[in-house]
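In what follows, every chain begins at residue 1, and chains take the letters A, B, ... in the order their sequences are listed.
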Amino acid sequence: MPELPEVETIAQGLKPLLLGRVIARARVLDPISTPQGADLFARRLAKARIRDVRRRAKLLLLDLERPGKPDLFLAVHLRMTGGLVADLDSDEVRRFSRVRFELADGGSFVFTDIRRFGTCLALTAPELASWPFFATLGPEPLEMDAEGFVGRFQGRNKAVKAALLDQTVLAGVGNIYADESLFRAGIRPMAKAASLSAPRLQGLHRHLQEVLAQAIRENGSSIRDYRDAGGNAGAFQNSFRVYGRAGEPCVVCGTKLRGTKVGGRSTTYCPKCQKG
DNA sequence: ACGAGATCCTGTCAGC
DNA sequence: TGCTGACAGGATCTCG
């Protein structure tokens, strides 16, 4: 499930490949991936030049310019199983291709998605700014200081993990990095955010930043489907201490890790190392 | 206003 | 062997 580090890795990998190139046409292979409608989506993207490739929250953003028309943004949300890859011509890519972007100078890149939850949108600047999901996104966790971080959690009467996953509180954290940062900070996922002292929230801020930065350095986590822009796996899954390890011994104290649900998400924690 | 739970979708895997 | 059901999960919708 692509979260902040995976989307960042994809954006950084695609950027040198796509900068300055022109989308000749977008071929929508599965209309469910383009909720604006395949025709409008394809019409908008024709002849658009790629000026930048970047990430905001878990969203891939391609800044596009078009001759004689307003600037455009291609916003791609990968959700759980989406990917944006340089055309690899592998059976896997072919089978799950949802949108193929054909470049004017030959070549292409492809939006792939097994579970079909991901979406591609072609938006003008005003449309992007007024898109409720985009407009309400919280700040980037790697760009926040401890004080700002603490302020966004204090007084919230819900599980601290649910707050971490809430994209309006902060943007880009998903299930993996929520569990991993809470373990490293020694905080139980089901503890109410409001019950945590400022020093403990500062610890969570520090560990979240560390875990996200390490994951970006290691090109993200590959479980099941995730691949970077070149089709390569990440390495951070080898650094998981709790995610997906329920029933296994804690790497710190040896206690059996406990699996449960918090905020409707599968959650793993160490009952000894993580306190409420 | 805010929180909780159901929903979407399909590949994978455990169990019979 | 082949089938069934549980599970994974981000954002959105509905309900309390």
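Checked for salt-bridge contact, A/Glu6 and A/Lys58 miss the test: no charged N lies under 4.0 Å from a carboxylate O.
Between the CG atom of A/Asn219 and the OG1 atom of A/Thr9 there is a distance of 5.0 Å, given to the nearest 0.5 Å.
In this structure, A/Arg95 reaches the B/dG11 phosphate: one of its side-chain N or O atoms is under 4.0 Å from OP1 or OP2. Of the side-chain N and O atoms in A/His77, none sit less than 4.0 angstrom from OP1 or OP2 of C/dG10. Close to C/dG10, at under 4.0 Å from its OP1 or OP2, lies no side-chain N or O of A/Gln167. For C/dA8, the OP1/OP2 oxygens have a side-chain nitrogen or oxygen of A/Lys261 closer than 4.0 Å. Contact between the side-chain N/O atoms of A/Tyr243 and the OP1/OP2 oxygens of C/dG9 is found at a separation under 4.0 Å.
Taking atom CD1 on A/Ile176 and atom P on C/dG9, their separation rounds to 8 Å, with Å as the unit. Distance CG (A/Leu137) to P (C/dT12): 9 Å, rounded to an integer number of Å. The distance between atom CG of A/Asp166 and atom P of C/dA11, rounded to the nearest whole Å, is 10 Å. For A/Lys192 and B/dC2, the NZ to P distance is 15 Å, given to the nearest whole Å. If you take CZ of A/Phe96 and P of B/dT12, they are 7 Å apart, rounded to a whole angstrom. Remark: P of C/dG10 and CG of A/Leu164 are 12 Å apart, rounded to the nearest angstrom. Put simply, CZ on A/Arg98 is 12 Å from C1' on B/dG11, counting in whole angstrom units. Residue A/Leu170 contributes atom CG, which lies 13 Å from atom P of C/dG10 at whole-angstrom precision.
No hydrogens or angles considered: a donor-acceptor pair under 3.5 Å links the side chains of A/Lys161 and A/Thr267. Residues A/Gln214 and A/Glu210 bring no donor and acceptor atom of their side chains to less than 3.5 Å of each other.
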Under-3.5 Å N/O pairs linking protein and nucleotides 5-9 of chain B:
unit_1: B/dC9; atom_1: O3'; unit_2: A/Arg116; atom_2: NH1; d: 3.4

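Ring to ring, A/Phe236 and A/Tyr177 are close: their centroids are under 6.0 angstrom apart.
With A/Asp71 as the partner, the salt bridge (Lys or Arg N to Asp or Glu O under 4.0 Å) test is satisfied by one option alone out of A/Arg44, A/Arg51, A/Arg49, A/Arg66: A/Arg51.
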(request) Check step by step if side chain to side chain contact (heavy atoms under 4.5 Å, CB included) holds for A/Leu74 and A/Leu121. (result) CA-CA 6 Å; A/Leu74 174 57; A/Leu121 296 169; over 6 Å; no
